[in-house]
There are 2 protein chains.
Amino acid sequence: MQVSRSIQDTIMARFDGLSPKLRRAAEFVVEHPDEVATRTLRQVAKAANLAPPTLSRLARALDCETYEDLREICRGELKRRNRILADKAEALLQLSTETVPGAKSGVFIAQAGAAIENIQDLIESIDLEKLRSAAKTLATARKVVLFGTSSGLAVAQYFACMGRLAFDNWRVAGADGSLWATSLTDIGPGDAVFLVSIRPYGNLPVRAAQAARDAGAEVIAITDDLASPYVSIASECFIVGTESPQFFPSHIAALALIEGLMGMIVRRGGNKAAERIQQAESSAHSIGEYWVN
Amino acid sequence: MQVSRSIQDTIMARFDGLSPKLRRAAEFVVEHPDEVATRTLRQVAKAANLAPPTLSRLARALDCETYEDLREICRGELKRRNRILADKAEALLQLSTETVPGAKSGVFIAQAGAAIENIQDLIESIDLEKLRSAAKTLATARKVVLFGTSSGLAVAQYFACMGRLAFDNWRVAGADGSLWATSLTDIGPGDAVFLVSIRPYGNLPVRAAQAARDAGAEVIAITDDLASPYVSIASECFIVGTESPQFFPSHIAALALIEGLMGMIVRRGGNKAAERIQQAESSAHSIGEYWVN
DNA sequence: TTCATATTGAAACATGTGTTTCAATTTAAT
DNA sequence: ATTAAATTGAAACACATGTTTCAATATGAA
């Protein structure tokens, strides 16, 4: 079967050279390829609040002979998506069974499907009271130190990225050249420690968490198993699913938990947090840290 | 949302009372609802070897005001087939929302729900061919350099964690004290650069990506918008949804893409990658890096 | 057979289609 | 400030759309 280019690629190839209206049209087409495939030009134009000629011109700007060609690409997109859904259903069925070394693209779909299931499990099993309590701890702590090893560290750093926007007292242990010990020595009651640890559990974080707990700090942990050492160490421990058809455990659910937690924290933080975020953003703009245009 | 009757039901209801030609038309419509939804009456007529008025009359015979109504039913059929999974996810969400009372719980559920939707969109719109191509590039590159800023850096580091298990030529620019420039100077054809950049786009990565591209390296980018600078810079650019009820964009879909990509890469890598992974794991065990019991 | 009725497709029809023209307007360059 | 080029939408355009008409044909009843 001949594989037609996706509209995404078709549009991405020419997007930067498009005029404002044509961009709006292009955006509408990528977001609603089904409408383009099934409705008429004028109907699509009305739905997108655009003049009919704009769509006609868009087709030309995308190297199509005519609008009908663009529509044909959208038709292909619909068919492809149906095919992918079929693949997904199949891949999900084979998820539990052993994966065949025959190796086709089902790998990707199975992975993504597992990700969705892990998040669904998270939603169903999460203890909102515990979550609220953790949000309060992190939002009101005198100091928050985050750590982890390898993949857990990356996830913790992601959390810290967002946290630093809202608070000025979040630190990642081991970042900016400092040693873990340095970040943890002056920790005590009123402080909070946050960590993500997925199997295999690193040795250092376990001992660090233990030390923080002994020093009287709150320890909030995300881990993946009841047998994890953090279950007994942490004052607030969340267990997330890491099911994956691959050799590595999926960190998707952990990230979903973190994003949700962050949302609740900012909610708690109120205006102060919101102001700090806005301030951080505008100062980043003024020193030209961001790419524009 | 009101559910339109399926074409099967619509046609079965009146099939017995149809004349020979109308039956043939009806059969064609049930077998090719997509053609009816996307092509014109005359095109469908030709494809089915029927006179145009036959289809027009079929619509009337099926209690439709006009042929357009019949076409609308077929459109609904297509949408339904595409939306089954999304509906399922939504239903699960609905379920968990009902079982758990509480005002603030909405924040978390909404975030997780958006995460699922973003992954859903990713699965539906992903171009598997492009993915395979990216997997090949990363698996066979002489050297792979990963970078990003703030949240994007964290995600890239996560990717690097996994990549380093399978390959010894993956580096994160800016990690271990080296400057970006150092990591990027000796890059050229045969090398690959990978980056994640979600709005607002950092300035440095844009320039770095441009430089890498100019030097002849493959640039694989994950970003969030058609208007992103990477759309034109990258040789392989993936756009992921970042919808979120919070002030920050969700990186869940980006992570899902990365995990899926990693799966495909390891598949490609074959035994060599698998061996390296096992080796890394056992050596980590022998030096007591992992916590046991 | 004969007649009435139902079915069918070619051609004509009104209407809506995608496209082009063109004047108004914005944008960029000098 | 002036000019040239690009962008945009209203109106006009040629043409294709779905529908209807109508004559040809098939079907069935007497």
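Keep in mind it's a predicted model, so treat the numbers as computed, not measured. A, B, ... follow the sequence lines: proteins, then strands. Residue 1 opens every chain.
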Look at [X] together with [Y] and state whether they make a salt bridge at an N to O cut-off of under 4.0 Å.
| X | Y | answer |
| --- | --- | --- |
| A:Arg24 | A:Glu27 | no |
| B:Glu68 | B:Arg75 | yes |
| A:Glu72 | B:Arg39 | yes |

>> Given D:dG9, C:dG9, D:dT8, identify the nucleotide with an atom nearest to the side chain of A:Pro20.
In response: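 Nucleotide nearest to A:Pro20's side chain: D:dT8.
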
> From C:dT8, C:dG18, D:dG9, pick the nucleotide closest to the side chain of A:Thr54?
Replying inline: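 For A:Thr54, the side-chain atoms sit closest to D:dG9.
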
>> So, applying side chain to side chain contact (heavy atoms under 4.5 Å, CB included) with B:Val193, which one of B:Thr137, B:Ile187, B:Val144, B:Ile220 is it?
In response: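 Going through B:Thr137, B:Ile187, B:Val144, B:Ile220 one by one, the side chain to side chain contact (heavy atoms under 4.5 Å, CB included) with B:Val193 is satisfied by B:Ile187 alone.
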
Interatomic distance where [atom1] belongs to [X] and [atom2] belongs to [N] [whole Å]:
| X | N | atom1 | atom2 | answer |
| --- | --- | --- | --- | --- |
| B:Leu18 | C:dA6 | CG | P | 16 Å |
| A:Leu70 | C:dG18 | CG | P | 11 Å |
| A:Arg39 | C:dT17 | CZ | P | 12 Å |
| A:Lys21 | D:dA6 | NZ | C1' | 15 Å |
| B:Lys46 | D:dG18 | NZ | P | 13 Å |
| A:Arg24 | D:dT7 | CZ | C1' | 14 Å |
| A:Asn49 | D:dT8 | CG | P | 15 Å |
| B:Glu68 | C:dT17 | CD | P | 9 Å |

> Going by heavy atoms in the side chains, are B:Leu261 and B:Phe194 under 4.5 Å from each other?
Replying inline: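 Side chain of B:Leu261 against side chain of B:Phe194, heavy atoms only: contact under 4.5 Å found.
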
> Is there a side-chain contact between A:Val29 and A:Glu35 (heavy atoms, below 4.5 Å)?
Replying inline: no

Between N or O atoms, less than 3.5 Å apart, protein on one side and nucleotides 20-23 of chain C on the other: list the pairs.
residue	atom	partner	partner atom	Å
C:dT20	OP2	A:Arg60	NH1	3.3
C:dT20	OP2	A:Arg60	NH2	2.7
C:dT21	O4	A:Arg57	NH2	3.3

> Is there a donor-acceptor pair closer than 3.5 Å between any side-chain N or O of B:Thr38 and the backbone N or O of B:Asp34?
Replying inline: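 Flag set: sc B:Thr38 to bb B:Asp34 pair under 3.5 Å.
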
> Within a reach of under 6.0 Å around CZ of A:Arg14, are more than 12 heavy atoms found that belong to other residues, nucleotides or ligands?
Replying inline: no

>> When you measure from the side-chain N and O atoms of B:Ser19 to the phosphate of C:dA6, is any distance below 4.0 Å, counting only OP1 and OP2?
In response: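 Looking at the OP1 and OP2 atoms of C:dA6, neither is under 4.0 Å from any side-chain N or O of B:Ser19.
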
> What distance separates A:Leu62 CG from A:Phe15 CZ, expressed to the nearest 0.5 Å?
Replying inline: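 Going from the CG atom of A:Leu62 to the CZ atom of A:Phe15 covers 10.0 Å.
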
Could you write out each protein N or O paired with an N or O of nucleotides 14-17 of chain D at a distance under 3.5 Å?
residue	atom	partner	partner atom	Å
D:dT17	OP1	B:Thr40	OG1	3.3

